[in-house]
2 protein chains.
Amino acid sequence: MTAAVSPPTRKDAARNRARLLEAAEQLFSTEGLSVTLKDIAARAGVGVGTVYRHFPTKGDVLDALFADRLACATESARAAAADADGWRGLVRYLEDAMDMQANNCGLRGLVMETEPSSPLVVKTRQEITVLVQQMVAKAREQGTLRPDFDATDLTFVQVALAAIMDATRDTDPDLYRRHLKLFLDGMRSAGHREPLEARAATH
Amino acid sequence: MTAAVSPPTRKDAARNRARLLEAAEQLFSTEGLSVTLKDIAARAGVGVGTVYRHFPTKGDVLDALFADRLACATESARAAAADADGWRGLVRYLEDAMDMQANNCGLRGLVMETEPSSPLVVKTRQEITVLVQQMVAKAREQGTLRPDFDATDLTFVQVALAAIMDATRDTDPDLYRRHLKLFLDGMRSAGHREPLEARAATH
DNA sequence: GAAAAAGCGGACCAGCTGGTCCGTTTCTCG
DNA sequence: CGAGAAACGGACCAGCTGGTCCGCTTTTTC
């Protein structure tokens, strides 16, 4: 019988581990991936040594922390891909994905970074890629998505929206929704367009 | 008669200054704003002390280097704003602006950074902002730009495209053009759409 | 051609990263 | 309760950043 992976037998060890994860959760979601293990230690009220003992690298923290989030993202994509209306699924997928990233800078960093650290992230990306391809194909067949739109284009639409999100986080964190609609109108094959609501930035 | 600003009287001083600017030019345009004065010194084949004597701060190098580029950007915007066809001017402006940024990472950094360093940059931005407003207003009046598109939206379209450019610089540096067209279609009020050419990224 | 001025270069410094190590404290178990 | 193991914490280290300083070299001047 295989033992569970390193169950922290001691009381204080377990307590500190929990504290660390909690601190990391908060810091990653508000500050993004750039926080250091030192920051996490300070936030959790423990020494740096303790952090490094529990999680030798930042990647280990992330794996422990974002496993469920990534699963959730996959699930959302799967649901969107299951929509009979390809376009509607696509829109839902984009809205969900960007919403997650808006509320969690760490997740955004994890998804957007060019050199994927963890195999878990790689796997998630692959799964989602497949689902996105299905959505795009369906929406294109149904004639709602412009025929020259490629599944790989969607990646860059997300990159673009993430950049807008970063630029407006402090001033107008919901502005990206407006531009999402704008981009969607560029992707549409034809048909009625809903007008954008209100006007743009405070700027 | 006012003397020209600090004319380097000595031969070697002038030579080194020229070398430094040349080195800075290359480094900034290929690497972006993150290059250090040390890098520039190494590239120019001089000691760090020499750099800091000629240009106490990185900002000084940038001012000396990008003055003409910024002027050029303003000029381009002015020309685009002068176009009788508002939409055409807008497209030209976007194409020109992004093209400049594609060929010069330093310029991109300078334009995109949130905390504007030099007053020269600030001034340029203000001028261009005014011109952009004119273009947007004209194109909207002429009915080619969707009526709910705001001048401030354009900033974020540029942010978005810059992000795509960054993400694809190594693999497919022209991909941003495709997405520019996509975004333009989202901005259009109505009318015929040209299809996107070829397909998307190598992935 | 020699002395003075101007410029040069890189050793050096302070401040900041990420990460290790070991003396002390806390826990567990008999 | 006491001994030994496990975990703690932060002083400490190496490597990097931006930036200064001063002995030496080059240029200019007379």
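What you see is a predicted model, and the numbers here were worked out from it, not measured in a lab. Lettering follows sequence order; numbering is per chain, from 1.
Distance, D39(A) CG to dC16(C) P: 13 Å, rounded to whole Å. L37(B) has its CG atom 15 Å from the P atom of dG9(C), to the nearest Å. Protein atom CG of L20(B) is 14 Å distant from nucleotide atom P of dG7(C), rounded to whole Å. With rounding to whole Å, K58(B) atom NZ is found 12 Å from dT17(D) atom P. Here the P atom of nucleotide dG10(D) and the CG atom of N16(A) are 12 Å apart, to the nearest Å. Straight-line distance from the NZ atom of K11(A) to the C1' atom of dT25(C): 14 Å, rounded to whole Å. Spacing between atom CD1 of I40(B) and atom P of dG18(D) amounts to 10 Å, rounded to whole angstrom units. Going from atom CZ of F55(A) over to atom C1' of dC8(D) covers 15 Å, rounded to whole Å.
Here E95(B) does not pair with R92(B) in a salt bridge; the nearest charged N to carboxylate O distance is not below 4.0 Å. Remark: K138(B) does not engage D83(B) in a salt bridge, criterion side-chain N to carboxylate O under 4.0 Å. A salt bridge links R177(A) with D99(A): the closest approach of a Lys/Arg side-chain nitrogen to an acidic carboxylate oxygen falls below 4.0 angstrom.
Considering only side-chain N and O atoms, H54(A) lies nowhere under 4.0 angstrom from the phosphate OP1 or OP2 of dA7(D). Using a 4.0 Å cut-off, no side-chain N or O of T36(B) falls inside it from OP1 or OP2 of dT17(D). Between T50(A) and dA7(D) there is no side-chain N or O to OP1 or OP2 distance below 4.0 Å.
The aromatic rings of F183(B) and F183(A) lie parallel to each other, with less than 30° between the two planes, well short of the 60° mark.
For K38(A) against dG19(C), a side-chain-to-base donor-acceptor contact under 3.5 Å is present. Remark: the R10(B) side chain and the dA6(C) base include a donor-acceptor N/O pair separated by less than 3.5 Å.
Contact record, R146(A) with G186(A): NH1-O, 2.8 Å, taken as the closest heavy-atom pair.
Comparing dC27(C), dG9(C), dT17(D) by their closest approach to the side chain of R15(A) singles out dC27(C). Ranking dG9(D), dT27(D), dG19(D) by closeness to the Y52(B) side chain, first place goes to dG19(D). Between dT20(D), dG7(C), dA7(D), one nucleotide has an atom nearer to the side chain of V48(B) than all others, and that is dT20(D).
Mapping R53(B) and D12(B) onto DNA chain D by nearest heavy atom places R53(B) at the nucleotide closer to the 5' end.
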